[in-house]
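Reviewing the structure listed below.
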2 protein chains.
Amino acid sequence: MSAVSLVVRNRDGGRINGDLKARIQKAVSDLDYRPNSFARSLVSQLPSSISVVVPSIRNPFFGEMLEGILQVIGTRFTIQLHVPSEDMDYGIDIVRAAQEDNIAGLILATPPQTTLDSFRQTCPTVILDAYTAMDVSRIELNVVLAGHQLGRHLVELGHRSVGYLDFLPDKATFSCRREALGAVVRQAGGALHNAPAPAEYLDIEQGEAAFSRSWPLWEAAGVTAIVAADDILAYGIMKRAQEMGMTIPDRLSVASFNDIPFSALVSPALTTVDLRAHELGLQAARVLLDAIAREVSSVCTVDPELRVRRSTGSRRAGP
Amino acid sequence: MSAVSLVVRNRDGGRINGDLKARIQKAVSDLDYRPNSFARSLVSQLPSSISVVVPSIRNPFFGEMLEGILQVIGTRFTIQLHVPSEDMDYGIDIVRAAQEDNIAGLILATPPQTTLDSFRQTCPTVILDAYTAMDVSRIELNVVLAGHQLGRHLVELGHRSVGYLDFLPDKATFSCRREALGAVVRQAGGALHNAPAPAEYLDIEQGEAAFSRSWPLWEAAGVTAIVAADDILAYGIMKRAQEMGMTIPDRLSVASFNDIPFSALVSPALTTVDLRAHELGLQAARVLLDAIAREVSSVCTVDPELRVRRSTGSRRAGP
DNA sequence: CTGAAAGCGCTAACAC
DNA sequence: GTGTTAGCGCTTTCAG
């Protein structure tokens, strides 16, 4: 019954007899009829959703990012959310599952390098904060600039021996942060002391444990400032350091990357580079809509912004 | 080609000739063939996703909840995420959009009362932290207990004049928190001074603004402790109160509901009732899977737990 | 063990 | 203007 179809979608340009139309509308509301979206998409070839893959849903960074995406797509598409099972970053299997959803587009937030290497594009796709030579739309996050900003800040405060708590070496975004920071510190005649990533999972406890594990080495190296790859790790570092009796920033400066909203509220307020989660989501969605509509791929860049707060201070006079 | 279908899904119990099977598998990988999930769901009548509607994705409470849901459903279903556009709680339109997704099940996290009133069930559904007389599965969050716990704690500390910062009066979960708290305070001979909800949107700034607005009245009423309906509002209260020179908890005790992970880290660490976001998600998903498999509805209850931290203390000697 | 054929619920093109 | 018909891409049934 094509009339039903037309009426339901309000696509009858006055073509349907008013009486028939009214009868159809009554039946629709009586039966609480809802069209089957599978059948609809099957024939129209226009999927009504996009898939978004994020490494974690507990990290507020991705909450902010999703908010940005949602804001742009509005009611045009619905979101299929894919998150790896706890304690693991996502592999190609999750990406393939997301592609199987039969979607108009796909957003991959900071995919691990190995995942990206085995990725094959099946629909308009936007990759966030990861590099690939493929012809895929990307939102580049200028983490090199972020590392430089943080490095300059610490160097200006007099720090020369800086500890670094890494995270997930499989992601270029993290190694770039470290390298850019290290370059600035070394250029000033200092050294960056890298501590290995805690685990694959990012939470406050991991930061605490990593600090306990690495502090002896850092202390031996005369470290006066520590940078973490992510705010959440920095929270753990500050918590444990304070428990161990160190005052921040007098005894030890702490800084990191992301600037989730809570970083302004922890004690002391955390100096961190705002990685613009919301802006990233906004851009990703815009580029994706563009890729869907015009079948072009594009790359754009988002610049981070340093937020200086109370967790970093001048290096105290030598020991 | 039925053989293809069987091979792709690994459902050929040795029925397919090895040679043919190999040829099919080669073709599948050569063409990077992916079955169309719409067509598949259309015929199998088994949708592969569930919809989850949350009021906000920026509030880590719902991130934790989603993590719980994801953990239980594993790869069995994929999640369609529905979030209202910024600054608004969700109406029935969003719920209907979610139902249109053609899903195996639906989870409604703390729906506003008006939304719930016009809700009609179209598939197995679980309602989180909201009451309805309908025959729908629910996860009850014992917010009355939460209010009592917090009330007893404050009363024991000597507080009798307590300020309350409400949020979204349209939700029973918030009015229950207030009433339960108020009952305990009044029973001890005290009074609860309610400040109206800040706005429909929950963020730190709203908490700050609300505190600025309400403090004159609270001060006049001799308030020595303030409870916020949500941790995030409490962060704003503490921030502004400290900016205004008050020390917490000496001058003013602050407490709230939720216990998102950051509440242990703000300064001072926030006393709050853990509303068990993760557990809520776990239970919701379990109940939903059950509802999908066995077509029964059930109701279960999650009990909150008070976390006493440094933001609450004894009432100072009277003015 | 394999291929042909029907049909899931919808939309679009087409006769009536 | 309105009803009929042919698929969308898959799974399942049923002959060969």
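Protein chains get the first letters and strands the later ones, always in sequence-line order, with residue 1 at the start of each.
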Output a table of nitrogen or oxygen pairs between the protein and nucleotides 14-16 of chain D separated by less than 3.5 Å.
none

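Checked against C:dC10, C:dC8, D:dC8, the side chain of A:N36 finds its nearest nucleotide in C:dC10. Listed nucleotides C:dG7, C:dG9, C:dC10 differ in distance to A:P35; the shortest reach to its side chain belongs to C:dC10. When each of D:dG9, C:dT11, D:dC10 is scored by its nearest atom to the side-chain atoms of B:Y33, the top-ranked nucleotide is D:dC10. Of the candidates D:dT12, C:dT2, C:dC10, C:dT2 carries the atom nearest the B:L20 side chain, counting heavy atoms from C-beta on.
In this structure, A:D129 does not pair ionically with A:K171, as no charged nitrogen and carboxylate oxygen lie closer than 4.0 Å.
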ask   = Stepwise, does the side-chain hydrogen bond (donor to acceptor under 3.5 Å, both in side chains) test hold for A:T301 with A:N142?
value = CA-CA 7 Å; A:T301 301; A:N142 196 343; over 6 Å; no

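Here A:R23 does not reach the OP1 or OP2 of D:dT2: none of its side-chain N or O atoms lies under 4.0 Å away. Phosphate contact (OP1/OP2 of D:dC10, side-chain N/O of B:S5, threshold under 4.0 Å): absent. An OP1 or OP2 oxygen of C:dG9 is reached within less than 4.0 angstrom by no side-chain nitrogen or oxygen of A:R40.
At least one side-chain heavy atom of A:N59 sits under 4.5 Å from a side-chain heavy atom of A:L202. Contact check for A:H278 versus A:Q71: side-chain heavy atoms found under the 4.5 Å cut-off. Within the 4.5 Å cutoff, the side chain of B:V299 has heavy atoms near those of the B:E140 side chain.
Ring orientation note: the planes of B:F167 and B:F174 are nearly perpendicular, at an angle over 60° on the 30°/60° scale.
Bending across the helix from C:dC1-D:dG16 to C:dC16-D:dG1, expressed as the angle between its end axes from five pairs apiece, amounts to 50° (10° rounding).
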